[in-house]
Number of protein chains: 2
Amino acid sequence: MISKKTKYALKALMALARNYSSQQPTQIADLAASERLPKKFLELILLDLKNEGLLVSKKGRGGGYRLARSPDLVPVGQVIRILEGTLSPLPCLSHRAYQKCEECLDEGTCAIRSVMKEVREATVRILDQTSLQNMLERAAATKPISFSI
Amino acid sequence: MISKKTKYALKALMALARNYSSQQPTQIADLAASERLPKKFLELILLDLKNEGLLVSKKGRGGGYRLARSPDLVPVGQVIRILEGTLSPLPCLSHRAYQKCEECLDEGTCAIRSVMKEVREATVRILDQTSLQNMLERAAATKPISFSI
DNA sequence: TTATAGACTATAAGTTCTATAGATTTTTAT
DNA sequence: ATAAAAATCTATAGAACTTATAGTCTATAA
């Protein structure tokens with residue numbers, strides 16, 4: 001189960017992706033309001049995303065946040081890795097956050113690890129092939145009513 | 001990331017699956033020792049699995065736990081659902097533990113939900129098609145040294 | 001030089017995770 | 001009958017993580 005923090009990050013990034021072509025930064029307060037996210041919590045999340053290179057910021061009047069690169073170059077998997085630490089269902093399967101299972105005698109023969117490896121691979125395949133841009137297109141495709149009236 | 005509790009449950013169930021043909025119950029203390037799991041914590045886990053119908057128990061001398069059915073009839077997915085509550089990466093995607101996302105205006109057009117639905121489906125596909133029996137076979141297949149000497 | 005907006009640090013309530021302790025109940029063997 | 005064995009049940013508690021909020025600091029633009 002992904003955390004609210006991760007979900008908030010994705011919501012905010014989607015909003016920034018929609019504004020990407022405008023070249024204008026979006027302020028935290030506006031993002032929080034439009035996406036209905038707690039403002040102070042969102043601050044921390046955006047800072048994190050900035051420190052990981054996904055966002056650029058500008059202080060002072062007219063400032064705010066922008067995507068550091070085009071929405072089609074931001075895989076959802078990368079976002080989740082930043083917020084959750086890893087995509088892996090087991091610590092002993094993670095590249096970024098590897099940790100040995102203390103009670104495990106032999107990783108090489110651990111069947112739990114073997115099954116979960118399949119899960120991780122399937123998850124990675126989906127999440128790293130889906131960009132913010134893909135997500136925007138999905139939302140548009142499943143929202144026909146806004147256009148048909 | 002699955003919890004230690006879930007991992008412990010799978011380890012214990014694998015051990016019980018290996019003993020299934022003997023028709024003899026295995027005691028908590030033996031399970032805890034052979035799988036290197038904290039005994040009192042394991043008690044709670046086994047009780048949970050019993051209440052969900054995966055295990056049968058017998059009290060008193062010669063008692064212990066046994067699988068309620070053949071290892072090939074126990075999907076890993078069911079075990080994880082019992083311990084984690086759901087396989088879903090989002091509360092709004094879970095059948096068993098559905099919860100609306102408060103900040104979400106429209107589930108039908110939520111792109112995060114749409115991508116995560118794919119992840120859930122891939123995960124379910126793997127975990128519900130893999131039984132305890134399959135796991136035992138995997139472990140045997142990846143452990144050739146024990147047999148080749 | 002003042003208002004604006006992000007950056008940073010601290011804190012804290014709430015929840016979940018991980019685990020242990022102790023008393024109780026059921027069953028078997030003697 | 002009774003003693004021993006083993007699961008069952010209830011309570012508790014520390015640690016970690018999640019989900020925030022508050023307040024101060026720093027950079028920028030008008």
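The chains referred to below are lettered A, B, ... by the order of the sequence lines, with proteins before strands, and numbering in each begins at 1.
Out of C:dA19, D:dT19, C:dG22, the shortest distance to the side chain of A:Lys5 is found at D:dT19.
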Which pairs, protein N/O on one side and nucleotides 13-18 of chain D N/O on the other, fall under 3.5 Å?
none

Detail all sub-3.5 Å separations between protein N/O atoms and N/O atoms belonging to nucleotides 27-30 of chain C.
unit_1: C:dA29; atom_1: O4'; unit_2: B:Arg61; atom_2: NH1; d: 3.2

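Sequence neighbours left out, the pairs with a member in residues 2-20 of chain A that pass salt bridge (Lys or Arg N to Asp or Glu O under 4.0 Å) are A:Lys4-B:Glu102, A:Lys7-B:Glu103, A:Arg18-A:Glu35. For the salt bridge (Lys or Arg N to Asp or Glu O under 4.0 Å) condition, the pairs that include at least one residue of residues 77-90 of chain B, sequence neighbours left out, are B:Arg81-B:Asp128.
Rounding to the nearest 0.5 angstrom, the gap separating the CG atom in B:Leu54 from the CG atom in B:Leu132 is 7.5 Å. In this structure, the separation between CD on A:Glu118 and CD1 on B:Ile126 is 5.5 Å, given to the nearest 0.5 Å.
Under the rule for a side-chain hydrogen bond (donor to acceptor under 3.5 Å, both in side chains), B:Ser57 has no partner lying at least two apart in sequence or in another chain. Listed by chain and number, the residues in a side-chain hydrogen bond (donor to acceptor under 3.5 Å, both in side chains) with B:Arg69 are B:Gln78 (sequence neighbours excluded). Under the ring-ring contact (aromatic ring centres under 6.0 Å, His included) criterion, B:Phe41 pairs with B:Tyr8, sequence neighbours left out. Not counting sequence neighbours, A:Arg120 has no partner by the side-chain hydrogen bond (donor to acceptor under 3.5 Å, both in side chains) test. In terms of the side-chain hydrogen bond (donor to acceptor under 3.5 Å, both in side chains) criterion, residue partners of A:Lys117 (sequence neighbours excluded) are, by chain and number, A:Glu121.
Taken residue by residue, residues 7-19 of chain B places no heavy atom nearer than 4.0 Å to DNA chain D. Across residues 50-57 of chain A, A:Lys50, A:Ser57 each have a non-hydrogen atom less than 4.0 Å from an atom of DNA chain C (numbered order). The stretch residues 87-97 of chain B does not touch DNA chain C, since none of its heavy atoms comes less than 4.0 Å from the strand.
B:Ala9 and B:Leu49 get closest at one heavy-atom pair: CB-CD1, 4.1 Å.
Between B:Gln24 atom CD and D:dA6 atom P there is a gap of 13 Å when expressed in whole angstrom units.
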